[in-house]
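Take a look at the structure below.
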Amino acid sequence: MKAIVVYLSTSGNTKIMAEAIASGIESKHIDVKAVSFYDVKIEDLNEADAVAVGSSTFYYRMLQPMEKFMNETLASTNPKGKLGAAFGSYGWSGEAPILIAEKMREMGMTVIDPVLRILHKPTDKDVQECKRLGVDIAEKMKQRSKAPQPQGAPG
Ligand SMILES: Cc1cc2nc3c(=O)[nH]c(=O)nc-3n(C[C@H](O)[C@H](O)[C@H](O)COP(=O)(O)O)c2cc1C
């Protein structure tokens with residue numbers, strides 16, 4: 001089983017979240033990479049059973065290159081039926097993770113609810129919360145591998 005955490009972060013806040021989520025996944029012995037969307041390889045997306053995507057919110061939406069990544073790169077890997085999670089740092093309105101989760105659902109992914117949003121730079125407590133999301137992703141991956149669900153089923 002493999003997971004990938006893809007992020008776009010302007011000043012490093014969402015990157016801190018991505019790395020903490022990946023460390024939570026890794027703590028459950030699942031092969032995981034946290035990568036900037038600039039460096040993501042199609043084969044890593046193809047091989048991943050779970051894809052977590054993070055972007056900070058700019059002008060009430062996700063950053064534009066991340067929108068392109070979702071619509072073109074991730075969509076081209078046909079992620080239907082995979083586990084998804086959305087996260088991101090924000091300053092006041094925090095729409096990006098919600099919009100990412102929406103796109104994932106449109107693509108038929110099963111998305112962990114609620115999305116994880118952290119105000120500004122993650123504190124130590126926030127980092128723990130991100131790690132917990134990682135653990136949750138790993139546990140859901142394990143459950144799904146034991147009892148495969150129909151594609152696009154909730155949960
Ligand atoms: C030009 C600009 C526009 C922003 N627009 C929003 C916004 O619409 N809503 C919001 O919640 N935060 C907004 N923010 C705040 C960022 O989302 C916040 O600083 C976040 O922590 C950046 O995380 P990053 O380092 O991962 O990119 C904006 C910040 C800047 C600099």
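As the structure is a computational prediction, the values presented were derived from the model and not from experiment. We number each residue from 1, following the sequence as shown. Order of appearance sets the numbers: ligands from 1, and atoms from 1 within every ligand. What you see below is based on every heavy atom in this structure, not just the backbone, and it leaves out hydrogens, waters and symmetry mates.
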Please say whether [X] places an N or O atom under 3.5 Å from an N or O atom belonging to ligand 1.
X    : result
L8   : no
K15  : no
K121 : no

Distance from [atom] to nearest protein heavy atom, with residue and atom:
atom                    : answer
atom 4 (C) of ligand 1  : W92 CH2, 3.6 Å
atom 5 (N) of ligand 1  : Y59 N, 3.0 Å
atom 14 (N) of ligand 1 : T57 O, 3.2 Å
atom 3 (C) of ligand 1  : F58 CD2, 3.7 Å
atom 8 (O) of ligand 1  : Y60 N, 2.7 Å

Are [X] and [Y] within salt-bridge range, i.e. N to O under 4.0 Å?
X    : Y    : result
D49  : K82  : no
R132 : D136 : no
R61  : E95  : no

Checklist line | Exceeds 12 heavy-atom contacts within 6.0 angstrom, atom NZ of K121 | finding: no

Note to self: Please determine whether residues I25 and I16 belong to a single hydrophobic cluster, defined as Ile, Leu, Val, Met, Phe, Trp and Tyr linked transitively by side-chain heavy-atom distances below 4.5 Å.
What the structure shows: no

Next item on the list: Determine whether I98 and L8 fall in the same hydrophobic cluster, where Ile, Leu, Val, Met, Phe, Trp and Tyr are linked whenever their side-chain heavy atoms lie under 4.5 Å apart.
Entry: no

With heavy-atom distances below 4.0 Å as the criterion, list the atoms of ligand 1 near [X].
X    : result
S89  : 17 (O), 20 (C), 21 (O), 23 (O)
Y90  : 11 (O), 17 (O), 18 (C)
T10  : 24 (P), 25 (O), 26 (O), 27 (O)
G94  : 10 (C), 11 (O)
H120 : 21 (O)

Quick check: do [X] and [Y] have side-chain heavy atoms less than 4.5 Å from each other?
X    : Y    : answer
S55  : I100 : yes
F58  : Y90  : no
V40  : I4   : yes
T123 : V127 : no

Item checked: Nearest option to atom 27 (O) of ligand 1, as decided by whichever heavy atom of G12, S55, S56 sits closest -> S56

Item checked: Option set G91, S93, S11, P122, criterion heavy-atom distance to atom 12 (N) of ligand 1, minimum -> G91

